[in-house]
Chemist: 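Structure in structure tokens, see below.
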Amino acid sequence: MLVQDKNAQITSVMNKIFTYLNSNLNLKKDLDDYYKATGISKDNKKVLNNYTINYIFERRLGKAKKTIFDFALSDMHDITDTEREIINSLKNSVDGIFEVRKITKDKFELFNLTNEKIYYVMPMAKMLKFRNLSVGHFLMARIIYIENNYYLYHVVDHITYTNRLLAFQIAVSRLAQNPSLFYYDNNEKFEELKESSANLFAKFTEMFKSQYVNTSNKKVDSLIELLNEYIETNKKPTKSKIEKFIVPCEKSSYFDIGELRGGSNLFAEAKRGFSGQNKEYNVALIADSTSGLHVIPFMDVFLNIFEEEYKNINNYKVCMKKFVTDKQIPPLVLQIANEKYPDKFLLRINEILETNFSSIDEIIHKYKSFYIENPYTSSTLTLYSSYAFKKLLAAIDEKDENPKNNIKVGRNDPCPCGSGLKYKKCCGMAVQI
């Protein structure tokens, strides 16, 4: 089948989904709420269309986390088998930041910065439309797999080599928020990370004689470097050298770590580390045999809430809510607290958050279901293994040497990653690793 015919079929199917979406009262209300939350204007039809497409592909609803495509497949009874196949292909599309590695007369060789997989992709428009695209440029787009071919669908943006920092920035931000993207549609990456996780856990527990260790943010970067050196060289550091970097703050209280960002350049924290921050607080390193290394600020404060004098802790309620409900905090942290305080764990959570949980599993299913439904690795292990993260740090070094290469994205502008959020609420936020 000609590419133009395939394009027409996909466009027809998407138009049917648009119509279905606007005719389903519950979904239409949710879509309107999404528009309000993102703060977009309905006057700009092009922007509105992009946000609606993003909603269709990314929205997950209900306990079953059903996609809009799932709803369409169950409710649209007049579609053909071919249209049903196209909907399933759209549902399983790959959303990525693609580095252009090669251009032929009818295909692109694209390297996805998030899952580090190479795709050979056919455009759904004439190649003439991409005349300004060159090797070394980047495409923010979706690709879909139909009838043994990948097709380029919904190109959100084209990023030139000069602005490559933005491409790496967006890719790393996505990986930090959702590490599973690193191995989505790439099982080889997941197997690599599993092996790395098991090796890291063995070295960590041998080095610290525990699954987790607590120190200050001023020492944690050096402690991580010491661990990495041990993993790479297999030369275990001396006890005195290890203890030199395990120096927790005498008194640690909880505060919003966002205060530490101060509107600085994106990922500056990743480059200069925790020790470069002015405020002092404690950070826990936790190793897990399946998910790798987790770096958890204020874990000591969270654990202290289960002690008798917890009301003397500043912002204890905010801290409790953060650790229990935030999806960025893995279930492993709650499991450690439950094992350490089996008689107080549920009692204290229910007391402070005014809830009525009867088990830790109930809490995890409510707030951390992602970790149950998907295999996962820590954002720390993922980023340290990521090509995009390494390239980002190298690009930052180069940018520091050549200030003219600075990218310009307004804090209140729509995020160029296409999330529908303002830049300051999305990729403009510093990554916590």
Side-chain angles (χ1 to χ4, degrees), residues 57-58 60 65 89 91-102 108-121 138-145 148-153 164 167-204 224 227-228 231-232 267 270 286-295 327-328 330-332 368-395 417 419 427 431-433:
F57 279 95
E58 300 297 333
R60 303 292 184 270
K65 305 295 182 183
S89 296
K91 174 185 172 181
N92 296 309
S93 65
V94 178
D95 179 30
I97 316 296
F98 299 95
E99 181 181 358
V100 181
R101 293 284 178 89
K102 188 175 181 180
F108 301 114
E109 181 181 314
L110 303 178
F111 176 76
N112 190 354
L113 294 183
T114 52
N115 71 357
E116 301 185 10
K117 183 174 178 178
I118 291 178
Y119 295 90
Y120 298 92
V121 183
F138 302 84
L139 289 175
M140 291 178 54
R142 289 184 182 277
I143 60 174
I144 55 178
Y145 188 72
N148 300 317
N149 283 304
Y150 283 103
Y151 293 90
L152 189 62
Y153 177 77
R164 64 195 177 283
F168 299 134
Q169 179 176 302
I170 294 170
V172 172
S173 178
R174 290 184 176 185
L175 287 173
Q177 294 168 23
N178 184 1
S180 66
L181 291 175
F182 191 53
Y183 41 85
Y184 177 77
D185 197 39
N186 192 346
N187 289 330
E188 290 182 9
K189 279 294 171 188
F190 185 61
E191 293 302 319
E192 287 178 18
L193 286 181
K194 281 203 308 185
E195 184 176 342
S196 297
S197 295
N199 183 43
L200 183 147
F201 180 77
K203 289 290 194 292
F204 188 100
I224 292 174
L227 174 63
N228 285 338
I231 292 172
E232 291 172 4
F267 302 117
I286 309 175
D288 181 67
S289 60
T290 58
S291 60
L293 182 68
H294 299 269
V295 184
K327 68 179 182 179
Q328 298 297 329
L332 176 64
K368 321 281 186 180
S369 60
F370 169 83
Y371 296 92
I372 300 171
E373 297 160 359
N374 302 276
Y376 76 99
T377 56
S378 70
S379 59
T380 307
L381 180 65
T382 300
L383 291 183
Y384 285 168
S385 304
S386 165
Y387 163 86
F389 187 65
K390 295 182 180 74
K391 296 293 285 186
L392 173 65
L393 296 185
C417 77
S419 67
C427 292
V431 172
Q432 299 174 38
I433 61 171

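Since the structure is predicted, the reported quantities are computational estimates derived from the model, not experimental observations.
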Chemist: Apply salt bridge (Lys or Arg N to Asp or Glu O under 4.0 Å) to Lys327 and list each qualifying residue two or more places apart in sequence or on a separate chain.
Modeler: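 Salt bridge (Lys or Arg N to Asp or Glu O under 4.0 Å) check on Lys327 returns nothing, list empty.
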Chemist: For the backbone of Pro179 and the side chain of Ser379, can you confirm whether one donor and one acceptor N or O come within less than 3.5 Å of each other?
Modeler: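 Not at all, since once roles are kept as given, no pair shorter than 3.5 Å links the two residues.
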Chemist: Taking only residues two or more places apart in sequence or in another chain, which ones pass side-chain contact (heavy atoms from CB on, under 4.5 Å) with Ala287?
Modeler: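 With neighbours one apart ignored, the set is Leu200, Phe201, Phe204.
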Chemist: With sequence neighbours left out, write down each residue that passes salt bridge (Lys or Arg N to Asp or Glu O under 4.0 Å) with Arg101, or none if nothing qualifies.
Modeler: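 By the salt bridge (Lys or Arg N to Asp or Glu O under 4.0 Å) rule, Arg101 matches Glu99.
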Chemist: If you look at every heavy atom in Val295 and Thr380, which pair is closest and at what distance?
Modeler: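 What the structure gives for the nearest pair is CG2-OG1, 3.5 Å.
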Chemist: Go through the structure and list residues passing ring-ring contact (aromatic ring centres under 6.0 Å, His included) with Phe57, not counting sequence neighbours.
Modeler: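 Scan of Phe57 (ring-ring contact (aromatic ring centres under 6.0 Å, His included), adjacent residues dropped) gives Phe69.
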Chemist: Ile97 versus Arg174: any side-chain heavy-atom pair under 4.5 Å?
Modeler: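 The answer is yes; the side chains approach within 4.5 Å.
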Chemist: Could you tell me which residues satisfy side-chain hydrogen bond (donor to acceptor under 3.5 Å, both in side chains) with Ser196, sequence neighbours excluded, listed by chain and number?
Modeler: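 So Ser196 forms no side-chain hydrogen bond (donor to acceptor under 3.5 Å, both in side chains) with any residue.
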Chemist: So do Tyr119 and Asn112 actually touch side chain to side chain, heavy atoms under 4.5 Å?
Modeler: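 Yes, side chains in contact.
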Chemist: List for me each residue that meets salt bridge (Lys or Arg N to Asp or Glu O under 4.0 Å) alongside Glu191, sequence neighbours excluded, and say none if there are none.
Modeler: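 Salt bridge (Lys or Arg N to Asp or Glu O under 4.0 Å) check on Glu191 returns Lys194.
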Chemist: Who are the ring-ring contact (aromatic ring centres under 6.0 Å, His included) partners of Phe108, not counting sequence neighbours?
Modeler: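 For Phe108 the ring-ring contact (aromatic ring centres under 6.0 Å, His included) partners, ignoring immediate neighbours, are Phe130.
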Chemist: Apply salt bridge (Lys or Arg N to Asp or Glu O under 4.0 Å) to Asp185 and list each qualifying residue two or more places apart in sequence or on a separate chain.
Modeler: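 Residues passing salt bridge (Lys or Arg N to Asp or Glu O under 4.0 Å) with Asp185: Lys117.
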Chemist: Apply side-chain contact (heavy atoms from CB on, under 4.5 Å) to Lys189 and list each qualifying residue two or more places apart in sequence or on a separate chain.
Modeler: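 Per chain and number, Lys189 pairs via side-chain contact (heavy atoms from CB on, under 4.5 Å) with Glu116, Phe182, Tyr183, Asn186, Glu192.
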Chemist: Has Ser93 got a side-chain atom pairing as donor or acceptor with Ile144's backbone, closer than 3.5 angstrom?
Modeler: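 Not a single qualifying donor-acceptor pair exists.
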Chemist: Below 4.5 Å, heavy atoms only, C-beta onward: do Leu113 and Phe138 meet side chain to side chain?
Modeler: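 They are in side-chain contact.
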Chemist: Tell me the closest heavy-atom pair linking Gln328 and Gln177, and the distance in Å.
Modeler: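 That would be NE2-O, 3.4 Å.
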Chemist: Minimum heavy-atom separation for Tyr184 to Asn92, with atom names?
Modeler: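 Reported closest heavy-atom pair: OH-O, 3.5 Å.
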Chemist: Can you list everything that forms a side-chain hydrogen bond (donor to acceptor under 3.5 Å, both in side chains) with Thr290? Sequence neighbours excluded, please.
Modeler: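 If we apply the side-chain hydrogen bond (donor to acceptor under 3.5 Å, both in side chains) test to Thr290, skipping adjacent residues, the hits are Asp288.
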Chemist: Checking the side chain of Ser173 only, and the main-chain atoms of Gln169 only, is there a donor and an acceptor separated by less than 3.5 Å?
Modeler: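 Judged by distance alone, no pair lies under 3.5 Å.
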Chemist: Indicate the atoms forming the closest heavy-atom contact of Leu381 with Ser197, along with that distance.
Modeler: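 Reported closest heavy-atom pair: CD2-OG, 3.1 Å.
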Chemist: Work out which heavy atom in Leu152 is nearest to a heavy atom in Ala141; give both atom names and the distance.
Modeler: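 Reported closest heavy-atom pair: CD1-CB, 3.8 Å.
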Chemist: Go through the structure and list residues passing ring-ring contact (aromatic ring centres under 6.0 Å, His included) with Phe111, not counting sequence neighbours.
Modeler: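 If we apply the ring-ring contact (aromatic ring centres under 6.0 Å, His included) test to Phe111, skipping adjacent residues, the hits are Tyr387.
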Chemist: Not counting sequence neighbours, which residues clear side-chain contact (heavy atoms from CB on, under 4.5 Å) with Lys102? List them please.
Modeler: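 Thr104, Glu109.
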